[in-house]
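Chain letters run A, B, ... following the sequence lines, proteins first, then strands; residues in each count from 1.
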Protein chains: 2
Amino acid sequence: MSDEELISIWMRPERQERSGPGRRPGYSRQQVTRAAVRIADAEGVDAATMRRIAGELGTGAMSLYRYVPRRDDLFDLMIDMAMSEVDLPEKPSGDWRSDLSLVAHRTRAAGQRHPWLIGLLSGRPTLGPQLLRVHEFALDALDGLGLDIDAITSFVGMVDDYVHSAVRREIGWLEEARRTGLDPERWKRDYIGPYVRQIVASGAYPLFSRSVLESRTAHLAAGERFRHGLDRVLNGIGAQIASDISR
Amino acid sequence: MSDEELISIWMRPERQERSGPGRRPGYSRQQVTRAAVRIADAEGVDAATMRRIAGELGTGAMSLYRYVPRRDDLFDLMIDMAMSEVDLPEKPSGDWRSDLSLVAHRTRAAGQRHPWLIGLLSGRPTLGPQLLRVHEFALDALDGLGLDIDAITSFVGMVDDYVHSAVRREIGWLEEARRTGLDPERWKRDYIGPYVRQIVASGAYPLFSRSVLESRTAHLAAGERFRHGLDRVLNGIGAQIASDISR
DNA sequence: AACCATTCAGGTACGATGTACGCAAACGGT
DNA sequence: ACCGTTTGCGTACATCGTACCTGAATGGTT
């Protein structure tokens, strides 16, 4: 594409179906994105190469560039497709706590269905329409409580940050194991296990060791653990809503 | 290296200086890491290729594999070298708030000196000694207040999450601009500027628009903005410390 | 002093990758 | 029937991580 047009993928229109003379497009941006998502879900984002995606569609690698200017833009499209699965009501319910909780849980679910999502999201700044929709819903959930926009943005950011890092913790090792091509069980047993044991045995990091050995939430189901952490974040926000408003 | 030994870089000893017969190593793990850090600081982490690092040292690419088993391990070493710059006292002061604030500010400073740090940190799960040291300090800062280990871990996580995402926001566009090889000013003006204007003009995202247009902190210096956000996170933790303890 | 097992240096080579370039095929309007 | 436009996609190139291998350096042993 040389440097002909440097413009956000969200402002660049897709080729139209009926636009006069010339051959009609055989695929669509959505089809390309869907194929990329399918591969990334199954084999990791690294496997979603241009050639591999094209192969999935039964075409040649260079054909994809008729639909997507750069590979990076394809990542943005993938993010947006995954975020479109975060199903939300038209408007927040009025109960900010359950609204933000809904966003958190749905985003977590999307992040688990698409283990590459969080990595891409925090890898580059992106603002696709579906991400905007979810973000707007979360901001809206905190509107009307007397908070200024900076506080609202900040609180929504805290929830986002929590969700991202919690999901990363949940799937981090799994993905890392796949990236190196090992089965996750063996990875955990032979790679990180001995190292963590050594850290604990060294005695140099007593509190870290306690967080590994004495944690009560560590033995809970992943969903419960997520809920506990989220509760703490929401509690922190709740406490400040009370004091911010009364000020 | 084939699959001879899959073992954490932190458990794999470096070649010893005096170990009997054989040629003595001409470089060290630290020298290799330092060269990689230097290149990544100046030209982005993508520029720190094996060949480029070797060139910086005046040797051949394959020589590096005498010191580092895989490129991914080199990333871990880079992270640890950067984290070693997070200077902290031996023990927390006893004032948890200023202790966590210190960790946050020092980590932010390291993240700005090394714009690749946060990206690598959240890209893969890693537990180098320097990261452990900083983490342990933060955990320790919250110890002795009557909190259980899960609460401590959770609160430290909130601060970490905030620092990471705040730094990412601060340097995100800069790095993205460099990755595409454009000067950051032009990038902001020609790429994201028009798109954000379009989002605002569409009227579909009123709260997002307010966060762009009406923000009071947006016009502050970056350092002030960071402090404000951090204060909110610490306030949320503080409120819960009070209620957790009295419970 | 001669030898040898051991270790490091680093060239060559392979299979990937993203993507620039260019040409042939398909299509609607005239 | 022709033509300008657009798509499909093969070829080619620079670049990547790294497996493999040869040769040089080194210190202990004889």
Chemist: In whole Å, I'd like the distance from the CG atom of Leu74(B) to the P atom of dC16(D).
Modeler: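 About 14 Å, once rounded to whole Å.
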Chemist: Does Tyr67(A) put a side-chain nitrogen or oxygen below 4.0 Å from OP1 or OP2 of dG8(D)?
Modeler: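 Result: yes.
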Chemist: Can you check the Glu14(B) CD to dT7(C) P distance for me, whole Å?
Modeler: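 In whole Å, dT7(C) P lies 15 Å from Glu14(B) CD.
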Chemist: Look at all strands and tell whether Arg71(A) reaches a base, only sugar-phosphate, or nothing, counting heavy atoms closer than 4.0 Å.
Modeler: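 Sugar-phosphate contact only - Arg71(A) comes under 4.0 Å of backbone atoms but never of a base.
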Chemist: Tell me, which of residues 42-55 of chain B have any heavy atom that sits under 4.0 Å from an atom in DNA chain D?
Modeler: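 Heavy-atom cutoff 4.0 Å gives Thr49(B), Met50(B), Arg51(B).
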Chemist: Check side chain to side chain donor-acceptor pair (under 3.5 Å) between Glu85(B) and all other residues, then give those that pass, not counting sequence neighbours.
Modeler: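 With sequence neighbours excluded, Glu85(B) shows a side chain to side chain donor-acceptor pair (under 3.5 Å) to Arg113(B), His114(B), given in chain and number order.
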Chemist: Grab the CZ-C1' distance between Arg29(A) and dT7(D) for me, whole Å please.
Modeler: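 Computing the Arg29(A):CZ to dT7(D):C1' distance gives 15 Å.
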Chemist: Could you state the CG-C1' distance from Asp73(A) to dG18(C), rounded to the nearest angstrom?
Modeler: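 These atoms are roughly 13 Å apart.
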Chemist: Under the rule for ring pair (Phe, Tyr, Trp, His ring centres under 6.0 Å), what residues qualify as partners of Phe226(A), not counting sequence neighbours?
Modeler: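 Phe226(A) satisfies ring pair (Phe, Tyr, Trp, His ring centres under 6.0 Å) with His105(A), Tyr162(A) once adjacent residues are dropped.
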Chemist: Taking only residues two or more places apart in sequence, or in another chain, which ones meet Glu175(B) in a salt bridge (Lys or Arg N to Asp or Glu O under 4.0 Å)?
Modeler: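 Testing Glu175(B) for salt bridge (Lys or Arg N to Asp or Glu O under 4.0 Å), a comparison that skips the adjacent residues, returns Arg178(B).
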Chemist: Would you mind telling me which residue lines up with the more 5' stretch of DNA chain D, Arg66(B) or Asp72(B), judged by nearest nucleotide?
Modeler: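 Of the two residues, Asp72(B) wins.
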Chemist: How close or far is atom C1' of dC8(C) from atom CE of Met62(B), stated in whole angstroms?
Modeler: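 Between C1' of dC8(C) and CE of Met62(B): 13 Å.
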Chemist: Report the distance from atom OH of Tyr65(B) to atom C1' of dG17(D), rounded to the nearest whole Å.
Modeler: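 Value for this atom pair: 5 Å.
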Chemist: Without swapping roles, check the side chain of Glu14(A) against the backbone of Tyr67(A) for a donor-acceptor pair under 3.5 Å.
Modeler: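 Not at all, since once roles are kept as given, no pair shorter than 3.5 Å links the two residues.
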Chemist: Residues in side chain to side chain donor-acceptor pair (under 3.5 Å) with Gln31(A), at least two apart?
Modeler: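 Result, side chain to side chain donor-acceptor pair (under 3.5 Å) vs Gln31(A): none returned.
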Chemist: Which residues satisfy the side chain to side chain donor-acceptor pair (under 3.5 Å) test with Arg133(A), sequence neighbours excluded?
Modeler: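 Counting only residues at least two positions away or on another chain, Arg133(A) forms a side chain to side chain donor-acceptor pair (under 3.5 Å) with Gln130(A).
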Chemist: dT7(C) P sits how many Å from Leu64(B) CG, rounded?
Modeler: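 One finds 20 Å between P of dT7(C) and CG of Leu64(B), rounded.
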